[in-house]
Amino acid sequence: GKELARIRTGEDEPAPEQVRLAIRDVVAHCIYGVDKNPLAVELARVALWLESHAEGKPLTFLEHRIKCGDSLVGVLDLSALQEGIPDEAFDPLEGDDRKLTASLKRQNKAERQGQMALFGGAFDLDLSSLAQLGQELNTIPDDSPEQVRRKRQRYESRTQDPAWQNQKAACGLWTAAFFQSFSRSSALITTDVVRRA
(Lines give C-alpha, C1' and ligand atoms only; values in the text may rest on other atoms or scores of the structure.)
Protein backbone atom coordinates (compact mmCIF):
# COMPACT_ATOMS: atom_id res chain seq x y z
CA GLY A 1 0.00 0.00 0.00
CA LYS A 2 2.79 2.39 0.85
CA GLU A 3 4.53 1.68 -2.45
CA LEU A 4 1.31 2.31 -4.37
CA ALA A 5 0.85 5.59 -2.49
CA ARG A 6 4.43 6.58 -3.40
CA ILE A 7 3.73 5.93 -7.07
CA ARG A 8 0.44 7.81 -6.98
CA THR A 9 1.78 10.87 -5.15
CA GLY A 10 5.36 10.89 -6.37
CA GLU A 11 6.48 11.44 -2.77
CA ASP A 12 8.95 9.31 -0.81
CA GLU A 13 6.81 9.61 2.31
CA PRO A 14 3.16 10.02 1.26
CA ALA A 15 0.60 11.35 3.72
CA PRO A 16 -1.08 8.75 5.94
CA GLU A 17 -4.44 9.36 4.21
CA GLN A 18 -2.87 8.53 0.84
CA VAL A 19 -1.31 5.36 2.26
CA ARG A 20 -4.66 4.34 3.77
CA LEU A 21 -6.45 4.80 0.42
CA ALA A 22 -3.73 2.81 -1.34
CA ILE A 23 -3.98 -0.02 1.22
CA ARG A 24 -7.74 -0.01 0.67
CA ASP A 25 -7.22 -0.44 -3.08
CA VAL A 26 -4.67 -3.22 -2.55
CA VAL A 27 -7.09 -5.09 -0.26
CA ALA A 28 -9.96 -4.55 -2.71
CA HIS A 29 -8.04 -5.73 -5.78
CA CYS A 30 -5.02 -7.85 -4.84
CA ILE A 31 -5.83 -10.00 -1.80
CA TYR A 32 -7.33 -13.48 -2.08
CA GLY A 33 -7.76 -16.14 0.56
CA VAL A 34 -9.45 -19.47 1.27
CA ASP A 35 -9.88 -21.23 4.61
CA LYS A 36 -11.95 -24.21 5.69
CA ASN A 37 -12.87 -22.53 8.96
CA PRO A 38 -15.77 -20.06 8.52
CA LEU A 39 -14.70 -18.16 11.64
CA ALA A 40 -11.19 -17.72 10.22
CA VAL A 41 -12.73 -16.36 7.01
CA GLU A 42 -14.78 -13.80 8.96
CA LEU A 43 -11.77 -12.82 11.09
CA ALA A 44 -9.66 -12.34 7.96
CA ARG A 45 -12.30 -10.08 6.46
CA VAL A 46 -12.56 -8.06 9.67
CA ALA A 47 -8.77 -7.72 9.88
CA LEU A 48 -8.61 -6.54 6.28
CA TRP A 49 -11.45 -4.09 6.86
CA LEU A 50 -9.66 -2.66 9.91
CA GLU A 51 -6.38 -2.39 8.04
CA SER A 52 -7.93 -0.79 4.98
CA HIS A 53 -10.57 1.48 6.50
CA ALA A 54 -10.50 4.95 4.97
CA GLU A 55 -12.40 7.88 6.40
CA GLY A 56 -15.68 8.58 4.61
CA LYS A 57 -15.67 5.26 2.72
CA PRO A 58 -17.70 2.11 3.48
CA LEU A 59 -16.11 -1.27 4.13
CA THR A 60 -15.03 -2.95 0.91
CA PHE A 61 -16.83 -5.99 -0.51
CA LEU A 62 -14.60 -9.00 0.15
CA GLU A 63 -16.93 -12.02 -0.12
CA HIS A 64 -15.67 -12.90 -3.59
CA ARG A 65 -12.02 -12.64 -2.52
CA ILE A 66 -11.94 -14.16 0.98
CA LYS A 67 -13.90 -17.41 0.86
CA CYS A 68 -14.69 -20.45 2.90
CA GLY A 69 -13.40 -23.59 1.21
CA ASP A 70 -10.40 -25.85 0.71
CA SER A 71 -7.59 -24.55 -1.44
CA LEU A 72 -5.78 -27.90 -1.55
CA VAL A 73 -8.56 -30.35 -2.37
CA GLY A 74 -11.13 -30.10 -5.13
CA VAL A 75 -11.71 -29.95 -8.85
CA LEU A 76 -8.94 -27.97 -10.53
CA ASP A 77 -10.06 -28.58 -14.11
CA LEU A 78 -13.76 -28.90 -14.87
CA SER A 79 -13.06 -31.41 -17.63
CA ALA A 80 -12.56 -33.91 -14.77
CA LEU A 81 -16.35 -33.86 -14.43
CA GLN A 82 -16.71 -34.99 -18.06
CA GLU A 83 -14.23 -37.80 -17.49
CA GLY A 84 -16.03 -39.07 -14.39
CA ILE A 85 -14.63 -40.28 -11.09
CA PRO A 86 -11.28 -42.06 -11.55
CA ASP A 87 -10.96 -45.69 -10.46
CA GLU A 88 -8.43 -44.67 -7.78
CA ALA A 89 -11.26 -43.13 -5.75
CA PHE A 90 -12.51 -46.67 -5.11
CA ASP A 91 -9.25 -48.13 -3.81
CA PRO A 92 -10.03 -49.65 -0.40
CA LEU A 93 -8.51 -48.24 2.75
CA GLU A 94 -8.38 -49.77 6.20
CA GLY A 95 -11.91 -50.54 7.40
CA ASP A 96 -13.49 -50.44 3.94
CA ASP A 97 -15.55 -53.34 2.59
CA ARG A 98 -13.21 -54.73 -0.11
CA LYS A 99 -15.93 -56.57 -2.02
CA LEU A 100 -17.99 -53.40 -2.08
CA THR A 101 -15.08 -51.27 -3.33
CA ALA A 102 -14.32 -53.78 -6.10
CA SER A 103 -17.97 -53.82 -7.13
CA LEU A 104 -18.20 -50.01 -7.07
CA LYS A 105 -15.00 -49.71 -9.09
CA ARG A 106 -16.51 -51.93 -11.82
CA GLN A 107 -19.83 -50.05 -11.69
CA ASN A 108 -18.08 -46.66 -11.86
CA LYS A 109 -15.92 -47.77 -14.79
CA ALA A 110 -19.04 -48.80 -16.72
CA GLU A 111 -20.71 -45.49 -15.85
CA ARG A 112 -17.67 -43.55 -17.05
CA GLN A 113 -17.49 -45.45 -20.34
CA GLY A 114 -21.21 -44.92 -20.97
CA GLN A 115 -21.05 -41.27 -20.00
CA MET A 116 -19.51 -39.97 -23.20
CA ALA A 117 -22.16 -41.58 -25.39
CA LEU A 118 -25.17 -40.66 -23.26
CA PHE A 119 -24.19 -37.51 -21.44
CA GLY A 120 -21.27 -36.04 -23.40
CA GLY A 121 -22.45 -32.46 -22.93
CA ALA A 122 -23.89 -32.91 -19.43
CA PHE A 123 -21.65 -30.36 -17.73
CA ASP A 124 -21.31 -26.72 -18.56
CA LEU A 125 -17.55 -26.24 -18.62
CA ASP A 126 -17.75 -22.65 -19.81
CA LEU A 127 -16.48 -20.32 -17.09
CA SER A 128 -16.67 -17.17 -19.21
CA SER A 129 -19.77 -15.90 -17.37
CA LEU A 130 -17.97 -16.35 -14.05
CA ALA A 131 -14.92 -14.50 -15.38
CA GLN A 132 -17.19 -11.78 -16.71
CA LEU A 133 -18.81 -11.46 -13.27
CA GLY A 134 -15.36 -11.10 -11.69
CA GLN A 135 -14.49 -8.33 -14.12
CA GLU A 136 -17.84 -6.66 -13.52
CA LEU A 137 -17.35 -6.75 -9.75
CA ASN A 138 -13.89 -5.20 -10.18
CA THR A 139 -15.35 -2.29 -12.13
CA ILE A 140 -17.92 -1.43 -9.44
CA PRO A 141 -16.22 0.89 -6.94
CA ASP A 142 -16.62 0.53 -3.17
CA ASP A 143 -17.03 4.27 -2.61
CA SER A 144 -20.61 4.29 -1.31
CA PRO A 145 -22.86 1.88 0.60
CA GLU A 146 -25.11 1.67 -2.49
CA GLN A 147 -22.19 0.50 -4.64
CA VAL A 148 -21.19 -2.12 -2.06
CA ARG A 149 -24.82 -3.33 -1.93
CA ARG A 150 -24.91 -3.49 -5.71
CA LYS A 151 -21.70 -5.54 -5.72
CA ARG A 152 -23.10 -7.93 -3.10
CA GLN A 153 -26.42 -8.32 -4.96
CA ARG A 154 -24.64 -9.00 -8.25
CA TYR A 155 -22.36 -11.57 -6.61
CA GLU A 156 -25.22 -13.28 -4.77
CA SER A 157 -27.34 -13.43 -7.93
CA ARG A 158 -24.64 -15.61 -9.50
CA THR A 159 -24.72 -18.00 -6.56
CA GLN A 160 -28.48 -18.37 -7.06
CA ASP A 161 -28.04 -19.39 -10.72
CA PRO A 162 -29.16 -23.06 -11.07
CA ALA A 163 -26.39 -23.85 -13.59
CA TRP A 164 -23.76 -22.53 -11.17
CA GLN A 165 -25.31 -24.46 -8.26
CA ASN A 166 -25.33 -27.70 -10.30
CA GLN A 167 -21.72 -27.20 -11.30
CA LYS A 168 -20.72 -26.54 -7.68
CA ALA A 169 -22.64 -29.61 -6.46
CA ALA A 170 -21.00 -31.80 -9.13
CA CYS A 171 -17.53 -30.54 -8.11
CA GLY A 172 -18.32 -31.21 -4.45
CA LEU A 173 -19.57 -34.72 -5.14
CA TRP A 174 -16.59 -35.53 -7.39
CA THR A 175 -14.24 -34.46 -4.60
CA ALA A 176 -16.23 -36.25 -1.88
CA ALA A 177 -15.89 -39.53 -3.79
CA PHE A 178 -12.23 -39.66 -2.75
CA PHE A 179 -13.09 -39.31 0.95
CA GLN A 180 -16.08 -41.62 1.27
CA SER A 181 -15.92 -44.67 3.48
CA PHE A 182 -17.14 -47.83 1.84
CA SER A 183 -19.77 -49.64 3.86
CA ARG A 184 -23.13 -50.96 2.77
CA SER A 185 -24.93 -48.59 5.14
CA SER A 186 -23.62 -45.36 3.58
CA ALA A 187 -24.78 -43.50 0.47
CA LEU A 188 -22.03 -43.98 -2.08
CA ILE A 189 -20.88 -41.63 -4.82
CA THR A 190 -20.15 -42.87 -8.33
CA THR A 191 -19.90 -41.11 -11.68
CA ASP A 192 -23.68 -41.35 -12.20
CA VAL A 193 -24.28 -39.51 -8.92
CA VAL A 194 -21.98 -36.69 -10.04
CA ARG A 195 -23.62 -36.63 -13.46
CA ARG A 196 -27.09 -36.21 -11.93
CA ALA A 197 -25.99 -33.26 -9.74
Result block: side-chain N/O donor-acceptor pairs under 3.5 angstrom for residues 172-181, not counting sequence neighbours:
from : atom 1 : to   : atom 2 : distance (Å)
W174 : NE1    : G84  : O      : 3.3
T175 : OG1    : C171 : O      : 2.9
Q180 : OE1    : I189 : N      : 2.8
Q180 : NE2    : A177 : O      : 3.2
Q180 : NE2    : I189 : O      : 3.0

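- Note: the hydrophobic cluster containing V19 also contains W49 (ILVMFWY, side chain heavy atoms under 4.5 Å, direct or indirect links).
- Contacts of A102 classified as side chain to side chain contact (heavy atoms under 4.5 Å, CB included), with partners at least two apart in sequence or in another chain: R106.
- Proximity of a side-chain donor or acceptor of K151 to a complementary backbone N or O of D142 within less than 3.5 Å is not detected.
- For the residue pair T101 and R98, no side-chain donor N or O sits within less than 3.5 Å of a side-chain acceptor on the partner.
- Inter-residue side-chain proximity for H53 and L59 is flagged as met; some heavy-atom pair is nearer than 4.5 Å.
- With sequence neighbours excluded, the residues that form a salt bridge (charged side-chain N to carboxylate O under 4.0 Å, His left out) with R158 are D161.
- Looking at residues two or more places apart in sequence or on another chain, you find a salt bridge (charged side-chain N to carboxylate O under 4.0 Å, His left out) between E63 and R152.
- Applying the salt bridge (Lys or Arg N to Asp or Glu O under 4.0 Å) test to residues at least two apart or on different chains, the pairs with a partner in residues 50-62 are K57-D143.
- Annotation for L39: hydrophobic cluster partners, listed by chain and number, are L43 (ILVMFWY side-chain heavy atoms under 4.5 Å, direct or chained).
- Scanning for salt bridge (charged side-chain N to carboxylate O under 4.0 Å, His left out) contacts around E156 gives an empty result, with sequence neighbours left out.
- Annotation for Q132: atom CD does not count as buried by contact number, only 12 or fewer foreign heavy atoms lying within 6.0 Å.
- Judged as a salt bridge (Lys or Arg N to Asp or Glu O under 4.0 Å), the pairs with a partner in residues 21-39 (not counting sequence neighbours) are, in order, R8-D25, K36-D70.
- Judged by distance alone, the side chain of R6 and the main-chain N or O of P14 form no donor-acceptor pair under 3.5 Å.
- With sequence neighbours excluded, the residues that form a side chain to side chain donor-acceptor pair (under 3.5 Å) with N138 are R65.
- L50 and I23 fall within a single hydrophobic cluster, where Ile, Leu, Val, Met, Phe, Trp and Tyr are joined by side-chain heavy atoms under 4.5 Å apart, directly or via other members.
- In this structure, a donor-acceptor pair under 3.5 Å is absent between the side chains of D192 and T190.
- Applying the salt bridge (Lys or Arg N to Asp or Glu O under 4.0 Å) test to residues at least two apart or on different chains, none of the pairs has a partner in residues 163-180.
- Qualifying ring-ring contact (aromatic ring centres under 6.0 Å, His included) partners for F61, counting only residues two or more places apart in sequence or in other chains: H64, Y155.
- Counting only distance, with no hydrogens or angles, the side chain of Q18 and the backbone of A15 share no donor-acceptor pair below 3.5 Å.
- Taking the charged nitrogens against the carboxylate oxygens, E17 and R20 have no contact shorter than 4.0 Å, which rules out a salt bridge.
- Evaluation of the salt bridge (charged side-chain N to carboxylate O under 4.0 Å, His left out) rule for E13 yields K2 as partners, not counting sequence neighbours.
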